[in-house]
Visitor: 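Mind having a look at this structure? Questions to follow.
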Amino acid sequence: MPEIIALLVGGLALVAASVAGLYLWPVDRRGLRVAPARPLDFDTATRAVEAVIAAEAADPEIRPESRSRLLSHGSRTGRAVLLLHGYTLAPEQYAGLAEEFFDRGYNVWIPRAPQHGTVDRRAHHRVEAGELTTYAAQGWAVTAALGDEVGVVGISGGAVLAAWLAQVPGNVVRHLLLLSPFFGPNPRQAPAYAVKPLIVLYGRRVLPDRVTSRGYSLAAVTQYLTIARTLPHPPRRTGLRTAAVVISPLDGVVDLRAAVQVPRRIADANGVPLRVYALPEALGVAHNTLNLGPDGDEWRRRYVALYEGAAAPAADFAASCRSRPSRTTWRPNSNELSGPAA
């Protein structure tokens with residue numbers, strides 16, 4: 001039996017008399033509301049970023065390689081992008097992709113998530129949903145001042161925050177790219193009916209925290225699931241111009257169906273197509289779809305093209321995967337690049 005299911009069953013045994021209450025207990029949205037930030041100009045935003053980076057540099061608890069990063073052309077540009085890293089990771093996760101965006105003229109902001117990138121490798125166990133949404137909102141306020149047309153890229157838990165930002169009233173997120181989005185756990189780890197009990201029991205710290213073999217704290221991952229559960233239904237129309245998702249059929253962490261369905265609803269609400277990229281199994285990439293191996297530069301260029309709304313022609317895709325045969329195909333007249341069924 002997968003470990004998360006086993007942990008859940010153990011927890012439920014302690015509160016068997018309250019099982020019905022777990023499903024009736026509402027997921028509180030009030031703590032995740034963030035007041036609209038006052039618009040910043042480029043100089044003010046840059047000073048705010050420099051203060052953050054200086055504070056992190058002076059903090060011995062933050063690993064030097066994991067500090068927040070700004071890639072700036074020195075003035076407001078036509079385009080800017082916010083990159084939100086994944087759970088347990090830090091800004092260095094985006095090193096290659098950030099450079100790709102920067103080389104294309106973007107100003108790029110990669111803020112460090114709260115309780116991440118620290119010397120204490122278990123600090124992320126303490127992260128709270130309200131901290132995460134505040135972090136995302138502050139990151140957006142800065143990025144919105146760095147360019148005229150602004151978008152968000154997020155991976156795993158960071159993709160949940162990116163989708164959340166794209167649905168906050170007043171935010172003008174023009175482009176959205178979600179990599180391995182964690183809108184729900186892989187059903188082999190925890191079936192859909194178990195998610196809400198997980199959120200209530202571990203997310204609200206009713207039960208003592210448990211840590212999986214991957215080093216994931218159930219108390220922490222359920223903070224991201226809480227945010228995912230608070231996305232508006234139906235989604236809002238917010239002015240989104242492009243939306244794309246990258247998934248891997250080898251991903252054993254996320255619910256691949258939800259990874260596509262949630263952003264598809266957001267795209268549909270905004271009247272734009274959702275481009276879905278399924279990486280070929282031959283790449284050997286699992287959950288971390290930024291860990292791209294020797295062909296990383298080509299894939300990162302493809303990610304930026306997806307973010308911008310371009311569709312890759314089949315010939316170009318085949319060339320990028322030469323010497324790596326797979327069953328991945330490009331569907332004519334489709335916005336989806338599909339690989340083997342997950």
Side-chain angles (χ1 to χ4, degrees), residues 40-43 45-46 49 53 68-86 90-111 136 139-155 158-159 161-163 165-166 171-181 239-246 263 267 272-277 279 283 285 288-317 319-321 330 335 337:
L40 305 176
D41 58 39
F42 177 84
D43 291 339
T46 299
V49 165
I53 294 173
S68 300
R69 303 182 183 190
L70 173 66
L71 282 67
S72 174
H73 292 275
S75 62
R76 185 180 174 96
T77 53
R79 300 177 295 182
V81 63
L82 171 65
L83 306 183
L84 300 174
H85 64 79
E92 66 266 26
Q93 184 180 23
Y94 276 114
L97 188 60
E99 292 287 351
E100 185 65 36
F101 273 109
F102 182 73
D103 290 345
R104 295 194 185 203
Y106 288 79
N107 282 333
V108 184
W109 175 225
I110 323 169
W140 174 258
V142 166
T143 311
L146 301 180
D148 298 329
E149 185 173 87
V150 189
V152 189
V153 179
I155 182 168
L161 298 177
L165 280 174
N171 288 352
V172 186
V173 177
R174 295 302 191 191
H175 303 278
L176 182 65
L177 173 60
L178 307 180
L179 310 174
S180 309
L240 191 66
R241 292 175 180 169
T242 69
V245 177
V246 175
V272 299
L274 177 71
R275 304 184 187 280
V276 181
Y277 229 38
L279 297 176
L283 280 178
V285 174
N288 187 354
T289 43
L290 285 169
N291 187 16
L292 296 165
D295 290 334
D297 289 345
E298 174 61 29
W299 284 103
R300 284 186 285 270
R301 285 191 287 272
R302 190 171 308 280
Y303 285 4
V304 176
L306 274 174
Y307 169 90
E308 294 176 343
D316 181 43
F317 175 75
S320 74
C321 294
W330 178 260
N335 290 311
L337 184 66

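All residue numbers refer to positions in the sequence shown, counting from 1. Hydrogens, waters and symmetry mates are skipped; everything else that's a heavy atom, side chains included, is used.
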Visitor: Go through L279 and V246 one step at a time and tell me if the side-chain contact (heavy atoms from CB on, under 4.5 Å) criterion holds.
Guide: CA-CA 7 Å; L279 297 176; V246 175; 4.0 Å; yes
Visitor: Hey, does the side chain of H73 reach the backbone of F102 with a donor-acceptor pair shorter than 3.5 angstrom?
Guide: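 Yes, because the side chain of H73 sits within donor-acceptor range (under 3.5 Å) of the backbone of F102.
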Visitor: With a 3.5 Å distance limit and no angle check, can you tell me whether R79 reaches the backbone of R104 through a side-chain donor-acceptor pair?
Guide: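 Side chain of R79 to backbone of R104, a donor-acceptor pair under 3.5 Å: yes, one is there.
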Visitor: When you look at T289 and W299, which way does the side-chain contact (heavy atoms from CB on, under 4.5 Å) test go after all the steps?
Guide: CA-CA 10 Å; T289 43; W299 284 103; over 6 Å; no
Visitor: Whether the side chain of R174 engages the backbone of T242 through a donor-acceptor N/O pair (distance < 3.5 Å, no angle test) should be reported.
Guide: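 Here the side-chain-to-backbone pair does not exist.
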Visitor: Please report the interatomic distance CD(E298) to CZ(R300), rounded to the nearest 0.5 Å.
Guide: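 It comes to 10.5 Å.
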Visitor: Under the criterion side-chain contact (heavy atoms from CB on, under 4.5 Å), I'd like the reasoning laid out for Y303 against L179: C-alpha separation, chi angles, the key distance, then a yes or no.
Guide: CA-CA 9 Å; Y303 285 4; L179 310 174; 4.1 Å; yes
Visitor: Would you say the side-chain atoms of Q93 pair up with the backbone N or O of G86, donor to acceptor, closer than 3.5 Å?
Guide: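 Present.
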Visitor: Nearest 0.5 angstrom please: L306 CG to L178 CG, how far?
Guide: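 One finds 11.0 Å between CG of L306 and CG of L178.
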Visitor: Kindly indicate whether the side chain of Y106, heavy atoms from C-beta on, has any atom under 4.5 Å from the side chain of T77.
Guide: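 With C-beta onward as the side chain, the pair stays apart.
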Visitor: Working to the nearest 0.5 Å, report the span between CD of E99 and CG of D297.
Guide: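 The CD atom of E99 sits 10.5 Å away from the CG atom of D297.
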Visitor: Answer whether the closest heavy-atom distance between the side chains of V172 and V150 falls below 4.5 Å.
Guide: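 No; the side chains remain at least 4.5 Å from each other.
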Visitor: When rounded to the nearest 0.5 angstrom, what distance separates CZ in F101 from CG in L82?
Guide: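 Going from CZ on F101 over to CG on L82, the span is 10.5 Å.
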Visitor: Test your reading of the model: is there a side-chain donor-acceptor pair from N171 to the backbone of V173, 3.5 Å cut-off?
Guide: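 Such a contact is absent between N171 side chain and V173 backbone.
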Visitor: Quick check: does any side chain N or O of R275 sit under 3.5 Å from a backbone N or O of G309, one acting as donor and the other as acceptor?
Guide: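 Pair found, side chain donor or acceptor close to backbone of G309.
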Visitor: Does the Y307 side chain pair with the main chain of G151, one donor and one acceptor, at a distance under 3.5 Å?
Guide: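 Flag set: sc Y307 to bb G151 pair under 3.5 Å.
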Visitor: Quick one about Y94 and R69 (side-chain donor to acceptor, distance below 3.5 Å, no hydrogens or angles considered), yes or no?
Guide: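 Side chains of R69 and Y94: no pair found under 3.5 Å.
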Visitor: Test your reading of the model: is there a side-chain donor-acceptor pair from N107 to the backbone of G147, 3.5 Å cut-off?
Guide: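 Here the side-chain-to-backbone pair does not exist.
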Visitor: Check whether any side-chain heavy atom of H175 sits under 4.5 Å from a side-chain heavy atom of E149, and report yes or no.
Guide: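 They are in contact (side-chain heavy atoms under 4.5 Å apart), so the answer is yes.
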Visitor: Do L146 and L70 have side-chain heavy atoms sitting under 4.5 Å apart?
Guide: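 Touching, per the 4.5 Å side-chain cut-off.
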Visitor: Just wondering, do I155 and L83 contact through their side chains at under 4.5 Å, heavy atoms?
Guide: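 Result no, sub-4.5 Å side-chain heavy-atom pair not found.
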